[in-house]
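Since the structure is predicted, the reported quantities are computational estimates derived from the model, not experimental observations. Note on naming: letters A, B, ... go to the chains in the order of the sequence lines (proteins, then strands), and numbering restarts at 1 for each one. What's counted below: heavy atoms across the whole structure, side chains too, no hydrogens, waters or symmetry copies.
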Amino acid sequence: MMPLDLSIPAQLTTAYLPDLVVMGGGMLLLLWAVWRPESEAHSRSVAWIAMGVCLAGIAAVLWSWNRGLTAGNGAIAVDAFRWVTDLVILLGMLMTLAISVDFNQRMRLLAPEMHVLVVLAGSGMMLLTAARDLMVLFLGVELMSVSVYVLAGIDRRSSRGAESSLKYFLLGAFSSAFLLYGIALVYGATGSTNLVTIGEAMSTPAVSGSPMMMVGLALLLVGFAFKVAAAPFHMWTPDVYDGAPAPYSGLMACAVKTASFAALVRVCLEAVGTGSERWHLALWWLAAATMVVGNLFAIQQRNVKRMLSYSSIGHAGFLLVAVTAQTTEGAAAIAFYLVAYTLATLGAFAVVVAMNGGSDGVTHVDEYAGLWTVRPGLAMAMAVYMLALLGFPLVGGMGFFAKWYVLQAALHASAPQTRLAIILVLTTVVSAGFYLYLVMVMFMRPRPEGLAPPPPATGLTRLVIATSVVLILAFGLYPSPAVKVAQRSAAASFAPAAPRPTASAVAP
Amino acid sequence: MIQPALFFSGILFAIGVVGVLTRRNALILFMCVELMLNAVNLTFVALSTMHGVTGQVFVVFVMTVAAAEAAVGLAIVISVFRHFKTVDLKAVSVLRG
């Protein structure tokens, strides 16, 4: 197979095919969504078609992957890492759409646009995983973020949703400005917005050591840290995830994070490489702070959605450990981790949806007391998700191996990140304090008198919960095929990084 | 010519950042964010005299995206105003924990 030449329109279209399928599907879906008056049946039909668009997107990704497409240097990357992360994103979109059908019924939400917005946000995410040019990266970030700002406040009757949406919007726009200023300064220092060209320019110390490049990279990292919710730029996360409708909190916690991490990995491995000592140091501190802050603050939470949002901050820290390794092994660990994390976190949000009796209030942990006695299936599923997020061996399924490969990537890096690995293990132990607490509440506390059992979940929600539990456990028993796919895709996508100079091979 | 332009756009960006950090009115905050974006535009235009047309193309994209963002942002501000009868961020805080 010849590499695609991205300057020829027909070949560029082939390279963009999955994105075009999802984006075009989203636009046609918008026409259909506003064609009919709002009704529950119409909203459901839009949701079904949106899921169809996601499946078509998956088919297009698999087709492109199967053909082994590659491309010369250009605005977008055509490689296996892009396809893997696209699949994780499309999986997250599918799960979100499926549980939002049930959620909308319970909350009596009729607006069909929300399913369109999920698809449009997803096309932004797919653009982000493909970006090999900072211009495409910026457009992907904005297409994703602007759609998700609206999704956070899609329930017009909810004051919590409105506040969540406003906070997300203001901080998101603020962080985009940082990202953009970083892009401008990197462009100024290197004369290009293409990641590979920037990477070549970085190899000359005059460029990589210039103040403009330093400031540009720092601002770029701040922008990314806001988007992946890394401490100390995580303050917005708990409020936003708490106030947004549960399915869309799940989308923000999983798909948005997957896309941002895919872009961060590409920037790290293709542009910055091992050229910048300070970038590496900043990543190190970001990873350490995020792991500690996310997991410590989650312990005192008694609101399940807030606890899950701090848990997602903690997991961003674990993923940053693999980014800090700056190897293809790290990229493979991230791809595998993102699958486990998406299944477990969106599964947990599916349980939050299934527990909701139609109120827009705080999801307090007391509502889960004695869940085992009234809804044993939900309690079992939630226990599996919690143990998977904790990384418990065997019953935690995939979660254990996800953490294991991140640890391996950290220790196998050319500058072994031993201290980060120790912090990772310690904060995982700390995280048992809130994951196991929820399990304990569900199984060992008695059901309070007068607390009605949650209404029965619809078939789609049950399907999401059952499928994610089965996948987590199956990959936990037999992880090697998924690991091999992740490793092969990362190795095929990124050239192995040059060994770091020995003088700098010390962690702080 | 480039250096003064970069210097002043840096100052403009800093004014925007300080505004976002110190003011509590959602609309003023939004204006400060727009100030930051325009500071970046100025940087891009200044740098494109050195590196060619890419920077100017970027500015067109940034302006388009900023317009889309403004449309969504003002709609969100209106929805917040309907619930809270104010756009002061100190009063808009039902989410805590």
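Applying the 6.0 Å contact sphere to NZ of Lys85(B) captures more than 12 heavy atoms from other residues, nucleotides or ligands. In Arg82(B), the CZ atom is not crowded: 12 or fewer heavy atoms of neighbouring residues, nucleotides or ligands sit closer than 6.0 Å. With a 6.0 Å radius and a threshold of 12 heavy atoms from other residues, nucleotides or ligands, Phe61(B) has its CZ atom at or below the threshold. Other residues, nucleotides and ligands contribute only 12 or fewer heavy atoms inside 6.0 Å of the CZ atom of Phe297(A).
When each of Asp242(A), Asp155(A), Asp239(A) is tested with Arg160(A) by the rule side chain to side chain donor-acceptor pair (under 3.5 Å), just one qualifies, namely Asp242(A).
Within the 4.5 angstrom heavy-atom criterion, atoms from both the backbone and the side chain of Ser164(A) approach chain B. With a threshold of 4.5 angstrom between heavy atoms, Ile2(B) does not approach chain A through any atom at all. Residue contact with chain A, scored on non-hydrogen atoms closer than 4.5 Å, involves the backbone and the side chain of His51(B) alike. Contact annotation for Val80(B): both backbone and side-chain heavy atoms come within less than 4.5 Å of a heavy atom of chain A. Only the side chain of Thr43(B) comes within contact range of chain A, judged by heavy atoms closer than 4.5 Å. Looking at Phe169(A), only its side chain comes within 4.5 Å of chain B, counting heavy atoms on both sides. With a 4.5 Å cut-off on non-hydrogen atoms, Val20(B) touches chain A through its side chain but not through its backbone. In this structure, the portion of Phe13(B) lying under 4.5 Å from any heavy atom of chain A is its side chain and not its backbone. Using a 4.5 Å cut-off between heavy atoms, Arg156(A) touches chain B through its backbone atoms (N, CA, C, O) alone. When heavy atoms are compared at a cutoff of 4.5 Å, Val87(B) does not approach chain A at all. For Phe178(A), the parts lying near chain B are the backbone and the side chain together; criterion is any non-hydrogen pair under 4.5 Å. Neither the backbone nor the side chain of Arg302(A) comes within less than 4.5 Å of any heavy atom in chain B. Proximity to chain B (any heavy atom under 4.5 Å) is restricted, for Leu139(A), to the side chain, taken from C-beta onward. Interface remark: Thr64(B) contributes no atoms to any contact with chain A (heavy atom separation under 4.5 Å).
When only modelled atom types and interatomic distance are considered, Glu142(A) and Ser176(A) share a side-chain donor-acceptor pair under 3.5 Å. Remark: the Thr54(B) side chain and the Thr193(A) side chain contain no N/O donor-acceptor pair separated by less than 3.5 Å.
Side-chain contact between Tyr310(A) and Leu296(A) is absent, with no heavy atoms from C-beta onward closer than 4.5 Å.
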Could you walk me through whether Lys167(A) and Trp236(A) pass the side chain to side chain contact (heavy atoms under 4.5 Å, CB included) check?
-> CA-CA 7 Å; Lys167(A) 282 189 173 161; Trp236(A) 54 277; 5.5 Å; no

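Contacts with chain A were tallied for Cys32(B), Gly55(B), Ala68(B); Gly55(B) has the most, counting heavy-atom pairs under 4.5 Å. Contact count against chain A (heavy-atom pairs under 4.5 Å) is highest for Gly73(B) among Gly73(B), Gly16(B), Ala75(B).
Pairing each heavy atom of Leu6(A) with each of Ala75(A), the nearest pair is CD1-N, 4.1 Å.
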